Amino acid sequence: MPAVGRVFEQPLRPGLADAAPSGRVRLDSLARWVQEIAFADVEEADVLHESVWVVRRMRVRVERFPRWGDHVHGRTFCSGYGRLWAERRVDFESENGRVQIAGIWVHLNPNTRLPTPLPDSFDDVYAESALGRKVKARLRHPNPAGNEAASPWFFRRSDADIADHVNNAAYWEPVEETLGDPDAFDAEIEFREPAQPGPVSLLSGDGVVWIAADDGRVHASVVAG
């Protein structure tokens with residue numbers, strides 16, 4: 001936790017829809033929690049109307065998964081920034097688990113939905129906790145080589161959000177499909193091009209899973225830590 005600057009805190013309680021059959025909170029639920037605490041933060045800071053933020057990259061490091069019924073304490077703060085983006089750190093702690101998440105969020109103009117420099121209010125509200133740390137938003141995951149094993153996946157209409165594309169939390173669902181019930185987890189996801197509900201392909205190779213359209217365009221990639 002930073003010694004200075006804004007840290008927003010919020011209690012959470014995992015519900016039935018957040019948990020796998022074993023009781024651990026799923027990855028897609030954790031991603032939704034990140035969205036919810038980020039929204040609550042900017043709403044309380046009274047800067048909700050100034051910006052739209054979209055996730056570019058997110059690292060999820062689970063020391064232990066929170067479980068259904070836990071009392072979870074969420075904390076979030078700005079941990080770095082660039083000209084058109086900022087890094088948001090989110091920690092979730094409970095009696096059974098701890099999760100650390102760092103995400104690069106690109107700042108968009110709320111009218112044009114195009115990348116735009118950070119608003120003037122950013123310095124007043126969020127910059128101090130980053131302690132001057134600069135971060136980069138460029139993509140760093142490899143492209144698929146073309147010979148990866150492929151399997152089908154289908155995004156449902158209910159996976160789409162108010163931006164009219166598949167919500168970023170839904171991209172963790174294919175990972176959950178084969179995850180089992182680990183004690184810990186570490187992976188990074190990058191988002192390239194928004195997906196629409198419908199069929200996609202999962203390409204797997206060298207520790208990377210790409211979620212790709214039928215024409216080969218990559219929507220997102222997940223690299224195990």
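Being a predicted model, the structure only gives us computed values, none of them experimental.
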**Study point:** Results of side-chain contact (heavy atoms from CB on, under 4.5 Å) for Asp161 - residues two or more places apart only
**Key:**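 Once residues adjacent in sequence are excluded, the partners of Asp161 under the side-chain contact (heavy atoms from CB on, under 4.5 Å) criterion are Ala163, His165, Asn167.
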
**Study point:** Non-neighbouring partners of Glu173 that pass side-chain contact (heavy atoms from CB on, under 4.5 Å), sequence neighbours left out
**Key:**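 Testing Glu173 for side-chain contact (heavy atoms from CB on, under 4.5 Å), a comparison that skips the adjacent residues, returns Asp28, Trp153, Arg156, Asp159, Ala170.
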
Distance from [X] atom [atom1] to [Y] atom [atom2], nearest 0.5 Å?
{"X": "Leu114", "Y": "Leu84", "atom1": "CG", "atom2": "CG", "answer": "11.0 Å"}
{"X": "Leu108", "Y": "Thr116", "atom1": "CG", "atom2": "OG1", "answer": "8.5 Å"}
{"X": "Asn168", "Y": "Arg32", "atom1": "CG", "atom2": "CZ", "answer": "10.0 Å"}
{"X": "Asp124", "Y": "Arg6", "atom1": "CG", "atom2": "CZ", "answer": "12.0 Å"}
{"X": "Trp68", "Y": "Ser29", "atom1": "CH2", "atom2": "OG", "answer": "14.0 Å"}
{"X": "Asp70", "Y": "Arg13", "atom1": "CG", "atom2": "CZ", "answer": "8.0 Å"}

Exercise for review: With sequence neighbours excluded, give me every salt bridge (Lys or Arg N to Asp or Glu O under 4.0 Å) pair touching residues 98-118.
Suggested key: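 Qualifying pairs, neighbours excluded: Glu63-Arg98, Asp91-Arg98, Glu93-Arg98.
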
Exercise for review: Hey, could you give me each pair passing salt bridge (Lys or Arg N to Asp or Glu O under 4.0 Å) that has a residue in residues 213-225? Not counting sequence neighbours.
Suggested key: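 Pairs touching residues 213-225 that pass the test: Glu193-Arg217, Asp215-Arg217.
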
Taking [X] for the side chain and [Y] for the main chain, is one N or O donor matched with an acceptor at less than 3.5 Å?
{"X": "Arg133", "Y": "Ser79", "answer": "yes"}
{"X": "Arg26", "Y": "Ala17", "answer": "yes"}
{"X": "Ser129", "Y": "Gly5", "answer": "no"}
{"X": "Glu87", "Y": "Lys136", "answer": "no"}
{"X": "Asp123", "Y": "Asp120", "answer": "no"}
{"X": "Trp85", "Y": "Val135", "answer": "yes"}

State, yes or no, whether a side-chain contact exists between [X] and [Y] at a heavy-atom distance under 4.5 Å.
{"X": "Arg83", "Y": "Pro117", "result": "yes"}
{"X": "Ile101", "Y": "Phe92", "result": "yes"}
{"X": "Arg24", "Y": "Pro182", "result": "yes"}
{"X": "Gln100", "Y": "Arg89", "result": "yes"}
{"X": "Tyr126", "Y": "Val47", "result": "yes"}

What are the two closest heavy atoms between [X] and [Y], and how far apart are they?
{"X": "Pro110", "Y": "Glu50", "answer": "CD-O, 3.5 Å"}
{"X": "Arg75", "Y": "Ile37", "answer": "N-CD1, 4.0 Å"}
{"X": "Phe191", "Y": "Val55", "answer": "CD1-O, 3.6 Å"}
{"X": "Ala40", "Y": "Gln10", "answer": "CB-NE2, 3.4 Å"}
{"X": "Leu118", "Y": "Gly82", "answer": "CD1-O, 3.3 Å"}
{"X": "Gly23", "Y": "Ala19", "answer": "O-CB, 3.8 Å"}

Check your understanding: Does atom CG of Asp183 have more than 12 heavy-atom neighbours from other groups under 6.0 Å away?
Key ->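 At most 12 heavy atoms, drawn from other residues, nucleotides or ligands, come within 6.0 Å of this atom.
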
Check your understanding: Heavy-atom count around Asp181 CG within 6.0 Å, excluding the residue itself: above 12?
Key ->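 Atom CG in Asp181 is packed in, count exceeds 12.
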
Point to revise | Connected-component partners of Val223 among ILVMFWY, side-chain separation under 4.5 Å | key: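 Its cluster partners, ordered by chain and number, are Leu203, Val208, Trp210, Val218.
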
Check your understanding: Do Glu95 and His71 have a side chain donor and acceptor closer than 3.5 Å?
Key ->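 Note: Glu95 and His71 side chains miss the donor-acceptor criterion.
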
Practice item. Say whether Thr76 and Asp41, considering side chains only, have a donor N or O and an acceptor N or O under 3.5 Å apart. Key: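 No - no donor-acceptor pair under 3.5 Å links their side chains.
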
Exercise for review: Check each of Arg140, Arg57, His141 against Ser221 using the side-chain hydrogen bond (donor to acceptor under 3.5 Å, both in side chains) test, and report the only one that passes.
Suggested key: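 Answer to the side-chain hydrogen bond (donor to acceptor under 3.5 Å, both in side chains) test with Ser221 among Arg140, Arg57, His141: His141.
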
Is it true that [X] and [Y] fall in one hydrophobic cluster, defined by side-chain heavy atoms closer than 4.5 Å?
{"X": "Phe39", "Y": "Val90", "value": "yes"}
{"X": "Phe77", "Y": "Val72", "value": "no"}
{"X": "Trp33", "Y": "Leu179", "value": "yes"}
{"X": "Val34", "Y": "Val166", "value": "yes"}
{"X": "Val25", "Y": "Tyr171", "value": "yes"}

Review point. Which residues pass the ring pair (Phe, Tyr, Trp, His ring centres under 6.0 Å) test with Trp53, sequence neighbours left out?
Key: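 Applying ring pair (Phe, Tyr, Trp, His ring centres under 6.0 Å) to Trp53 gives His107.
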
Check your understanding: What class does the angle between the rings of Tyr81 and Phe122 fall in, given that below 30° is parallel, 30 to 60° is tilted and above 60° is perpendicular?
Key ->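 Correct class here is perpendicular.
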
**Study point:** Ionic contact status for Arg157 with Asp164, cut-off 4.0 Å
**Key:**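 Yes, Asp164 and Arg157 are salt-bridged.
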
